[in-house]
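For reference, the structure is listed below as structure tokens.
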Amino acid sequence: DPALIFDLGGKFDKSFNEAAFNGAKRWADTTGGTFREIELQSEAQREQALRRFAEAGANPIVMAGFAFADALGQVAADYPDTKFTIIDMVVDAPNVRSVVFNEHEGSYLVGMMAAMASESDTVGFIGGMDIPLIRKFACGYAQGVKAVNADATVVANMTGTTPAAWNDPVKGSELTKAQISQGADVVYAAAGGTGVGVLQTAADEGILSIGVDSNQNYLHSGKVLTSMMKRVDNAVFEAFSDGADMETGFQVMGLANGGVGYALDEHNADLVSDSMRNAVDEASDKIANGELVVHDYMSDDSCPVLNF
Amino acid sequence: MDVMPKWAEVTLVPLISLLLAAILSALVILAIGEDPVAAVQLMVSGALGSTYGWGYTLYYATNFMFTGLAVAIAFHAGLFNIGGEGQAMLGGLGVALVLLFIPWPHWTIALLAAIVGSALFGALWAAIPAYLQAKRGSHIVITTIMFNFIAAAVLNYMLVNILRPAGSMDPATERFREAVHLPSLHELLAPFGIEFSKAAPANVSLVIAIIACVLVWLLIWRTPLGLEIRSYGKSQRAARYAGIGAVRITMIAMLISGGLAGMMAINNVMGEAERLVLNAVEGAGFIGIAVALMGRSHPLGVFLAAILFGFLYQGGAELALWTSIPRELIVVIQALVILFTGALDNMVRMPLERMFLALRTARAPKPERKPTEPAE
Amino acid sequence: MDFFALFDLSVLDTTVRLATPLLLACLAGLFSERGGIFDIGLEGKMLAAAFFSAALAAMTGSVWVGLLAGIGASLVLSLVHGLASITFRGNQLISGVAINFLAAGLTVLIAQSWFQQGGRTPSLIGGGRFEGITLPFAEAFSTVPFLGPIYSELISGHSILVYVALLCVPGTWYILFRTRFGLRLRAVGENPAAVDTAGVSVVGLRFAAVGICGILCGIAGAYLATGLQAGFVKDMTAGRGFIALAALIFAKWRPWHALWATLLFGYLQAIALRPDIIEGALGFKVQVQLLDALPYILTVVILAGFVGKAIPPRAGGEPYVKER
Amino acid sequence: MTAPAIELKGISKAFGPVQANKDISIRVMPGTIHGIIGENGAGKSTLMSILYGFYKADAGEIFISGQKTEIPDSQAAIAAGIGMVFQHFKLVENFSVLENIILGAEDGGLLRPSLAKARKTLLELEQEYDLKVDPDAIIEEIGVGMQQRVEILKALYRQANILILDEPTGVLTPAEADQLFRILGRLKEEGKTIILITHKLREIMDITDTVSVMRRGEMTATVKTSETSPEHLAELMVGRKVLLRVDKTPASPGDVVLDVKNLRVVDDQGVERLRGIDLQVRAGEILGIAGVAGNGQSELLEVLGGYADGTGTITLNGQSIDLSGKNSDGRSRRARGIAHVPEDRQREGLIMDFAAWENTAFGYHRDAAYQSGVLSNNAAIKAETQAKMDRFDVRPPHPHLAAKNFSGGNQQKIVLAREIERNPDLLLVGQPTRGVDIGAIEFIHQQIVALRDQGKAILLVSVELEEILSLADRVAVMFDGRIMGERLPQQTDEKELGLLMAGVSGDAA
Ligand SMILES: Nc1ncnc2c1ncn2[C@@H]1O[C@H](COP(=O)(O)OP(=O)(O)OP(=O)(O)O)[C@@H](O)[C@H]1O
Ligand SMILES: Nc1ncnc2c1ncn2[C@@H]1O[C@H](COP(=O)(O)OP(=O)(O)OP(=O)(O)O)[C@@H](O)[C@H]1O
Ligand SMILES: [Mg+2]
Ligand SMILES: [Mg+2]
């Protein structure tokens, strides 16, 4: 059986981990197969979880989260016959598939939408843990905003510096209120479980929010502008489908191959005007075919349009 | 006169407490719609059914021996050290600094250095609350709680801002060098022809923990300092009459306690993770409280209780893996053990004492009672 | 540099919200400890209350049912604490530790069993949570310079539990220093034998103290899950019980001081969310970790007696033992 | 015949294995003062606490004014008109006098009216019984004499008809005691019934109408005071004829061993407890320190024994001794040849949970003889303990038994054995026979005298004047942190010492 390990924040974070879970569930529903899963309780358990599944013969083992890289680096070599997939990080081993996403591209699109929807010309970004990966989201987002409205202000905050920042809705909520007081009328949450608090508060206070990873539009129908879809579910689904003889190596999921995108459904149909859609789709195409390059924060640890 | 014989005191009371905790835990499992018998079977097979299971059980037990001894020695001095968690975190920092910045040629020397580093940092972290207790009367329970939080902040700062390697997103140090890798039980036992799981993290630190148990036993029961610590814990007034300084004993006991808690890091940081991660302690500092209470603060008791909790920990991890019982079940069990062996001690003890008293009076012949005349 | 940004209305607004659970828990601890029962289980009681209030609010759709359930859960843990430390004269600190773990474990266990959402409750909607209430004339006043925004933004618009918490401060003061119950409560924390020989039940008084503590912790927890947030997540108290304990020491076991202490600690939490403001105001970066640790550091400084000595109730922490 | 104010029938009470009261019956007539005497631990306080509802009796009945009354708690006792002043006061230290008085007897739920009413009533009571107190004073800031008045007022405020006083004069000067007795006299005139627990036969003879004697949890006799004598009461108390004087030869004092000059001690609260003590103890002599408890004797022992810091100069055999700093603790004192039998053996002299053998090493546990390498030589300590137990006739002679399992007298023997067998130059002894039966008292006295006869210096502190007079070779009386005067036992009497103890200096003319 394949196995899936969720990162801290838990499988029902309505975001990153839940996307992974949805991919696994989709696989189980379509194939009728079963899979093992575990939610981490603490940093220190990563290696044990990996080893336990490997010992028990699970194959492939998919782990959602960059923080597994070190543990996987240790474990992979001990189980050469087991295939591993790590999401959001690169681990160089013969039996590991590393899947990374071009989050900056998706974020760019939702940034454009935020700028177009904003009336105050101030939009917010709330990140989870302050790491380069999340800055990558923020930077892509800010570029999208500026592309539409060069004078717009982007207010960016991070929730914390430790993994606890993925699961602190109270802080998310307070940060949202603070951004509203600074004039923001659209906020983008790239913060795992913390985002639940962001979206909630945005809905309560009557501003728009943007979800992340999963399609979060349904959480507050009519109040979530869109969601930056990071198709972790697809990555998990593929890995599970490929099974024990999956191809290993490095895999980038971007706009071009449908790895990222924005969500449009009945919950936000009224919020997204046709002109908005057209503009965003146009940019999307340009990015996909390389006409437009969105700066990736992680390429040089800096962002041309946003200071952290 | 002692109402209860000593054997009852050291075995009956903790065992009944444990039984009560077990019954309640079983009820909890039933209440969430699972089968307690199957759960126990799974825990036993997962924790004790293979060398892999044993490897994890002993790995956790090693942690708990250190923190249990730490709490126990403070208990002997009449001090309640809730700060084991923070002291163990700082111990981890000590190990990391020692191992990252000095190129040790061999694990043996590195281990000695790591022991010194971890004990030093742990002791240091205990020293401030101890000093404040001894000199300024600040309640050590509150200060050690506060120091746990401060330790978390310190560790957070160090890992996020200082020790995180460039380009890494993990708030963790880089990996220690290969040379300081501690031999696991697998490597230690292989020369003797004993097959032990390669995957399990139990390592040579277990031996150190056992040595620590013995040394603490010697210290407490076989040295003048031990007598002083114990007498200070029993009666501060009498200790003072004997010229046993309150400041000195408080400091010494807490330094040893903090040092032991810190030394846990040689197991989890140096032995297992081989780098320092956030929350490496995983609550072991608090489990030390349960272990010390259960083990009646005696090193042998601590040793046994640590293994019990190691079993619970590993068994609980297995439960979480193969059933829908969350790992928090262990936290509940741990809470119940602390509750019954610690706070509700009298609930178990009082009926037992009454029973033994009744037994004794039943055996002893009634003394002749001479009638007394009421006054005129 | 903009020093006054440190007192930005939105920061103060956040302060009020974040200080509320601290204040309630701090007053809870105040009753318990004034009655001679130390309580390091505030955290656990709050956590249990947070979960049960959210769970019941989610199931019934009524936040009031949730509030009652939260108070009930917290009271049950209080009862355990009372049983251990009053009836069986056990160690109050150990009992508190056990209660914290019990709550941490049971909330997740039950949440998982009831909702299968990894230890959280479903998000609360509509009547399932406390909405902010707009005080009278908030709109009208908002244009008045200076005071207007303070009234309409800072004072108005919080959930009812915030106002309950604030009213608890004078209430606690009055009960403690102006009523018979308060006199007896303070006495039983100072010298239970005096209360006993005066013909008042020590056990009864102490259970009352622990019970009030349970109710207040219950409100605190319910506020977290149904006022501040719209649902429960695992370990959502995040050390607030210990900060409340720190505030209690900071306040030297006095109600009005408790208000100031919790506002201070709430402010520290609020400002920690806004490193931009701090940097703007002070001109240099302050590590968030330092801000996070500040309440604890301040408490240790207070405990060390460098800034006024904190003397706890004299009989606090000691079981009342008449006969061995 | 009027019904007795109080009648107890068959009261029994055990604390775990200790039978504190055994089948006790007693009758107290209204409008009388009834004394209760008995050795320490005889069960007097326990009996009265049962009457007051503080403890619950295991068996027995209580009749108040002829009515059978259940007294499950103090509330019921108060309702039955009983008030009690405990041996250790039950006051809330940081409350005002008024708050202490109304506590538990408030009128209504709010404090202000209660306080106002109490203030008025207090004024009336003050005038009626001449009991002056400041209603707004904080308890911890007033003296013990005043605190005792508050306790009495508490009882009167609750309209007590029956007043129990448990060792009320232990903390009072003779003058204060006299005033208390005047108050008691007035209460008696008012028709109130008073039960007075005391150790002092003089007080019994002076003011009681009847007296009951307790021994080892039993009531041995109740007699009319007018029909008895101190000797008779003493005999009833201990169960056999009492030898009042210790058998000893006259002292032959040698060189000065301990020389104390201008010794001062300030306590934690900043109060000066010793105000310039000068004294000398010579080899081969016992200096007895007499005084009412709380006049600095304890502090004197503490500072000499290294428990507390002080200022002034002390020399031992001509060598000066540190009064503060590193070398002023109990261990340094012992190293210098000062042994110390503290006043409270259970809290200071012994660790009750430790085995006897650990207790015999305690304080000397770092002696070279007790070590083997870095470890303790427990076998040597045990062997030595066994020998000491045999020599001092400790029963049962089991080194492994915990100290708490020995009776009071035997516990004291363990402490004495530990300290005397060290062969010290100076022995400090506090209350050596408190709570010890007469047989053991004789033994202990003999040991102390034997040490003196070996040429050692002994400083004896005791609140028992009889003990001081019979054991000491020279008597110094302390009052309020000072030595009021020195007397030779054979040239003085209890009356003269009593005046000195009350602060009336005989020397000053
Ligand atoms: N606090 C205590 N805890 C446990 N046992 C006690 C305690 N006090 C006394 N005992 C037990 O009760 C017995 C009687 O003690 P008690 O002090 O009343 O003796 P006693 O008859 O007065 O002897 P002595 O004359 O030597 O003082 C002792 O042998 C001891 O075993
Ligand atoms: N609360 C208690 N718990 C256990 N044992 C007790 C308690 N109070 C008294 N005792 C024991 O009961 C016995 C009688 O004690 P009690 O205090 O009544 O004596 P007493 O005659 O008042 O002595 P004293 O003259 O010292 O006041 C003693 O052996 C004592 O150790
Ligand atoms: Mg008494
Ligand atoms: Mg006795």
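Chain letters run A, B, ... following the sequence lines, proteins first and then strands; every chain starts at 1. These values consider heavy atoms only, across backbone and side chains, with no hydrogens, waters or symmetry-generated copies.
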- Is it the side chain or the backbone of C:Phe177 that comes within 4.5 Å of chain D heavy atoms, both, or neither? backbone
- Query: C:Arg180 versus D:Leu110: any side-chain heavy-atom pair under 4.5 Å?
  - Reply: no
- What is the minimum heavy-atom distance between D:Leu103 and C:Val195, and which atoms define it? CD2-CG2, 4.1 Å
- If we only count heavy atoms from C-beta on, is the D:Ile102 to C:Leu183 side-chain gap below 4.5 Å? yes
- What part of C:Arg186 is in contact with chain D, defined as an atom under 4.5 angstrom from a non-hydrogen atom: side chain, backbone, both or neither? both
- Query: Is it true that atom NZ of D:Lys120 has more than 12 heavy atoms of other residues, nucleotides or ligands lying nearer than 6.0 Å?
  - Reply: no
- Query: Any side-chain heavy-atom pair from D:Met84 and C:Thr197 closer than 4.5 angstrom?
  - Reply: no
- Going through the distances and angles, do D:Glu93 and C:Asn191 end up as a side-chain hydrogen bond (donor to acceptor under 3.5 Å, both in side chains)? CA-CA 8 Å; D:Glu93 295 261 298; C:Asn191 185 356; over 6 Å; no
- Has D:Gln159 got more than 12 heavy atoms of other residues, nucleotides or ligands less than 6.0 Å from its CD? no
- Could you state the interatomic distance from CG (D:Leu115) to CZ (C:Arg178), rounded to the nearest 0.5 Å? 9.0 Å
- Task: Name the member of D:Ala76, D:Gly109, D:Ala155, D:Ala105 that forms the most heavy-atom pairs with chain C at distances under 4.5 Å.
- Result: D:Gly109
- Between D:Lys90 and C:Ala194, what is the shortest heavy-atom contact and its length? O-CB, 3.2 Å
- Task: Could you tell me which of D:Glu106, D:Gln75, D:Glu99, D:His88 has the largest number of non-hydrogen atom pairs under 4.5 Å with chain C?
- Result: D:Glu106
- Does CD1 belonging to C:Ile160 count more than 12 external heavy atoms closer than 6.0 Å? no
- Over 12 non-hydrogen atoms of neighbours within 6.0 angstrom of CD in D:Glu124: yes
